[in-house]
Amino acid sequence: MTVRLYDSASREIQPLVPITPGKVGIYHCGLTVQGPPHIGHIRKEVVFDVLRRWLEQDGLEVTIIANVTDIDDKILAKGEELGEPWFSVAYRNERALHAAYEVLGCRPPTYEPRATGHVPEMIEMIETLIDRGHAYPAEDGSGDVYFDVRSWSAYGELSNQSIDDMLPAPDAPATAKRDPRDFALWKGHKEGEPQTAAWSTPWGRGRPGWHLECSAMAAKYLGHRFDIHGGGLDLRFPHHENELAQSRAAGQDFAQIWMHNAMLNLGGSKMAKSVGNTLMVSEVVKRVPAPALRYYLAAAHYRSIIEFSEEALAEAATAYARIEGFVTRAGELVGAGKLGTIPARFAEAMNDDLSVPAALAVLHNEVAEGNKAISAGDRVLVAELLAGVRAMLDVLGLDPVTWAGSAASSNNETLAVLVDQLVARRTEAKAEKDFAAADLIRDQLSAAGVELEDTPAGTRWSVKGM
RNA sequence: GGUGGGUUGGCCGAGAGGCGAGGCAACGGACUGCAAAUCCGUGUACACGGGUUCAAAUCCCGUACCCACCUCCA
């Protein structure tokens, strides 16, 4: 059974046929580190992390390259504004990005190349493009080098647009572009920009153009032909269109499948710093448990817009708590055990263009069966269902057993001693039919965020939101 | 002006010609000292107007509204 993915270039579902059997190379556009990541940014990370986990459990060896754009106009402007070196701004935000990966259980990419570390590769590529007649240095002495869109007849193939229908870039008249749609491969150094943000080239000092970095880095780490190129839908044009044009014009074959995740909206428009409707990952995980946020971001199909709402986020947290509750109770009964077999229907859903919603339906059914098995005391069945449920959760990066390991320190022993004492006192009160005293203890614990559950095997407790 | 996508029950969210995905909420019941958790049961929704068909949420035509992109953007 093969994985089928929607290819934005052909606008059709395509089977994923690895170029090298058993291996898959994926490039996805990382962040321009001009600020810390918001939950829209991290949605993309979750999507590609789930893709990677799914391919890996299928036995494929996955190489993921996600770039960090650590130099651009906004980063330079931010440094200027804060009176801080631009590279310090970029690095701080890159660390914030890594913290967000970590907190949401996204495994780091195989490698995260930085644009500033790949200037020689870019220069080489520009030379190739100039030699082949697809790029030209600006004649106004600006030091810019442009890609000549009219020289590449396939330009527009990714976004299905023809050059003449496109609106020209507004800055075009002020530059030496032959066609207003030509874009910068390389940007000449400008008066007032720090010298640390300029590199020597045959065309003078300057800095990388955004589109070219990705082409150069993808080629370096994945070769001239690779399996999947991904990113947010907002990058489809111009960024990915331009990447594709450059790389093909330079004689490369480039990506076989283009995957674009839909945006996360808030208040009716895309979450973006420029709109001012951002919610930082670091803030949201203070309000809901991190796996609940991950569940929320992963639960909708990756090609569907998520219109963010607090209500929907809270629902996701409740839904995840139900799953987590089963895993915890089943684990107490039969031990955590190992990951089991993934049900066929779950696999079918995931193979069908990563249909997480359908996969979750299977997962919830298995949880319901598991809960029944717990009630029936069927330990063999509980163990089997638990193993399967955990295998599915692992693919989604949502296995509570794994998460509990990382959160163990916060569930500290002092707390456990205190709560156990109170629970014991309440059990005594119940035995003496002093329900008022018993309820008081339960209410006090509840007010402190500790929830109790009476079961045939005794009282269980858990800290809300953990 | 061009390109792509969308509008599904109280809410979220799949599906893509016939059989009510799943979750959340609500209501009833079982269990419980009471709860909680869990289980059982309860809902006939697909923007609007036409059309095709034995059969349309699903296909076709039209209309309205929404989102993304055509400037930096996950």
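Note that these values count all heavy atoms, side chains included, but never hydrogens, waters or copies made by symmetry.
Nucleic acid contact for A:His301: sugar-phosphate only, since backbone atoms but no base atoms lie under 4.0 Å from a heavy atom of the residue. No contact: A:Ala314 has no heavy atom under 4.0 Å from any strand.
Helical stems in RNA chain B, defined as runs of 3 or more consecutive Watson-Crick or G-U wobble pairs with both donor-acceptor distances under 3.5 Å, are listed by first residue as B:1-7 with B:64-70, B:10-12 with B:22-24, B:26-30 with B:38-42, B:47-51 with B:59-63.
Put simply, CZ on A:Phe237 is 8 Å from C1' on B:C69, counting in whole angstrom units. Here B:A68 presents its P atom at 10 Å from CE of A:Met263, a figure rounded to the nearest Å.
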Take nucleotides 27-33 of chain B nucleotide by nucleotide from the 5' end and write B, S or -, depending on whether a protein heavy atom sits under 4.0 Å from the base, only from the sugar-phosphate, or from neither. ------B
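Residues passing the salt bridge (charged side-chain N to carboxylate O under 4.0 Å, His left out) test with A:Arg287, sequence neighbours excluded: A:Glu310. Residues meeting the side chain to side chain contact (heavy atoms under 4.5 Å, CB included) test with A:Ser446, sequence neighbours left out: A:Glu451. Applying the side chain to side chain donor-acceptor pair (under 3.5 Å) rule to A:Asp234 yields the partners A:Lys270; only residues at least two apart in sequence or on another chain are considered. Judged as a side chain to side chain contact (heavy atoms under 4.5 Å, CB included), and not counting sequence neighbours, the contacts of A:Ala249 are A:Leu129, A:His134, A:Phe147, A:Trp152. Residues meeting the side chain to side chain donor-acceptor pair (under 3.5 Å) test with A:Asp434, sequence neighbours left out: none. Under the rule for a side chain to side chain donor-acceptor pair (under 3.5 Å), A:Thr328 has no partner lying at least two apart in sequence or in another chain. Partners of A:Asp352 under the salt bridge (charged side-chain N to carboxylate O under 4.0 Å, His left out) rule, at least two apart in sequence or in another chain, are A:Arg4.
Rounded to the nearest Å, the gap between the C1' atom of B:C46 and that of B:U38 is 32 Å. Between B:A45 and B:G10, the distance separating the two P atoms is 10 Å to the nearest Å.
A close approach under 4.0 Å does not occur between any side-chain nitrogen or oxygen of A:Ser446 and OP1 or OP2 of B:A36. Residue A:Asn261 has no polar side-chain atom (N or O) positioned under 4.0 Å from OP1 or OP2 of B:A74. Checking the phosphate oxygens (OP1, OP2) of B:A74, no side-chain nitrogen or oxygen of A:Lys273 falls inside 4.0 Å. Note on A:Thr455: every side-chain N or O is 4.0 Å or more away from OP1 and OP2 of B:A36. Checking the phosphate oxygens (OP1, OP2) of B:G22, no side-chain nitrogen or oxygen of A:His364 falls inside 4.0 Å.
Within the structure, side chain to side chain donor-acceptor pair (under 3.5 Å) pairs that include any residue of residues 421-431 of chain A comprise A:Arg426-A:Asp454, A:Lys430-A:Asp454 (at least two apart or interchain). Residue pairs meeting the side chain to side chain donor-acceptor pair (under 3.5 Å) criterion with at least one member in residues 362-371 of chain A, sequence neighbours excluded, are A:Arg329-A:Asn371, A:Glu369-A:Lys372.
Applying the 3.5 Å distance criterion, the base of B:C72 shares a donor-acceptor pair with the side chain of A:Lys74.
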Report, one pair per line, the protein and nucleotides 3-8 of chain B atoms (nitrogen or oxygen only) whose separation is under 3.5 Å.
{"from": "B:U3", "atom 1": "O3'", "to": "A:Asn160", "atom 2": "ND2", "distance (Å)": "3.1"}
{"from": "B:U3", "atom 1": "O2'", "to": "A:Ser159", "atom 2": "O", "distance (Å)": "2.8"}
{"from": "B:G4", "atom 1": "OP1", "to": "A:Asn160", "atom 2": "ND2", "distance (Å)": "2.9"}

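Salt bridge A:Lys187/A:Asp144: absent, no basic N to carboxylate O contact under 4.0 Å. Ionic pairing of A:Arg53 and A:Asp49 is present here: one or more N-O contacts between side-chain nitrogen and carboxylate oxygen are shorter than 4.0 angstrom.
A donor-acceptor contact closer than 3.5 angstrom is absent between the side chains of A:Thr110 and A:Thr63.
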